[in-house]
Amino acid sequence: MHASFPVDVDLALVGGGGAASLVLAALDRHGVSGLRVAVVDPVHKRGQDRTWAFWGLPGDDLDPLLSASWSQVDVVTAAGRRVLTLNPLRYAMLRSAPVYDRAAEAERRLDAVRISAPAGDLHDDGQRVTVRDPDGRDLVRAGWVLDSRPRRPKRPGRTSWLQHFRGWWLAADRPTFDRQRAVLMDFRTPQPERGVSFGYVLPVDDRFALVEYTEFGPALLDDAGYDRALRGYADLLGLDLTALRVREVEDGVIPMTDGPFESRPSPRVVRLGTAGGATRPSTGFTFSAMLRQADQVARALAAGRPPVPAPAYPGRHLWMDAVALRALDRGHVGGVEFFERLFDRNPPERVLRFLDGVTSPAEDLAVMRSSPLLPMTGAVLGDAAGRLRARLRR
Ligand SMILES: Cc1cc2nc3c(=O)[nH]c(=O)nc-3n(C[C@H](O)[C@H](O)[C@H](O)COP(=O)(O)OP(=O)(O)OC[C@H]3O[C@@H](n4cnc5c(N)ncnc54)[C@H](O)[C@@H]3O)c2cc1C
């Protein structure tokens, strides 16, 4: 802990996980200097606690940190295997350890103050923000706060699903996985009553791969449920688990909701990461938006501007996601059918760019046209009625 409180800084990162680590690295990359920075988090993130999979153009400074990347990925359904050629994009796998290491290096270079304590309330008087601990003691006074502590949306969504998953890092003694062959989504898994499930495989080499079972839906499984689902998926892949070692287990729960995440709760507080709306409601993918926003924050600070990034996704994408979530949740459309059509009727690059929130309105229209029109119209009308009801209630 730092000796004398409150610490006076220009920028306080409250929460030092994924979003904050990317901001620290971006500040370093953009050569920001002379900025007084504090990081407030009871946990100093280190090592492997998650694996980020994301797509993007190769050739940025994350390349040396990647465990693997693929220019093709498979989408598998009962009807067959579709190979998506991602060119010019690539699908990439980034383990958390090198991201946290790079952030720690950046923190040292920026001479940032690390406060290993939980933050409580933030008090923003419009000029400075006071970060208090949960007992109300002042920890930090900052010109700006980037707050990435996990939190719920400001209001419950009309649809509140979760992306929940368990992955096994499987190690083999002999060649078992095809290094070239990553599976983005494999829908042959038994489908839940409500929601959609899929497996995927991300091989690092022919003896080491992440094999994961994921569900999008309203309710979590219990511990035995995830293990059962993963064993079932390993069977489908023809993997002999008795010949493999589970080296690591990765569990996660990510919100998939049309509930609004507030990105600017007060003039000098900016929320980032999942708390700031960086999680795409229809897929749970978050990393690309965090990366983009980290870069925008660092560029702004390097130019002496306020560290306020553009919204993580355009409003029209959030509306499309709300409709898609509603259609899936109310059973207007089956999950497997929904994703099958998306990949069937659009070039892969368009789908991936759409999911990252960077497509043009014309491309969005093409994506919309590929969805089952009638059921989606029902969901659009239902969503509009839901919004109206919520507004009247407020
Ligand atoms: C296992 C897992 C795998 C994932 N894989 C992917 C993926 O492949 N692709 C993708 O796009 N997204 C993925 N995600 C989603 C998302 O990218 C991650 O959750 C990401 O870490 C979100 O970053 P964040 O900064 O918002 O939250 P976190 O990384 O969770 O950081 C929040 C930080 O806030 C700190 N904190 C909590 N309370 C306080 C407090 N009171 N005061 C101060 N600090 C506090 C925590 O200690 C933590 O360090 C995954 C998520 C999980 C859990």
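One-based numbering, in listed order, for ligands and for the atoms of each.
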TODO: Please indicate whether Arg152 has more than 12 foreign heavy atoms, meaning atoms of other residues, nucleotides or ligands, lying under 6.0 Å from its CZ.
DONE: no

query = Distance under 6.0 Å and angle within 45° of the ring axis: does Arg247 meet both against Phe208?
reply = yes

Q. Is the NZ or CZ atom of Arg280 both under 6.0 Å from the centre of the six-membered ring of Phe354 and within 45° of that ring's axis?
A. yes

* In sequence, state the C-alpha distance, the side-chain angles, and the governing distance for Phe216 and Phe198, and then conclude on ring-ring contact (aromatic ring centres under 6.0 Å, His included). => CA-CA 9 Å; Phe216 294 171; Phe198 58 91; 5.3 Å; yes

At a 4.0 angstrom heavy-atom cut-off, ligand 1 is contacted by Gly15, Gly16, Gly17, Gly18, Ala19, Val40, Asp41, Pro42, Val43, Lys45, Arg50, Thr51, Trp52, Ala53, Pro118, Ala119, Ser148, Arg149, Pro150, Phe165, Glu250, Asp251, Ile254, Gly273, Thr274, Phe285, Thr286, Phe287, Met290

Pairing of Arg207 and Asp205 as salt bridge, 4.0 angstrom limit: no

Hydrogens and angles aside, do Thr130 and Asp138 bring a side-chain donor and acceptor to less than 3.5 Å of each other?
no

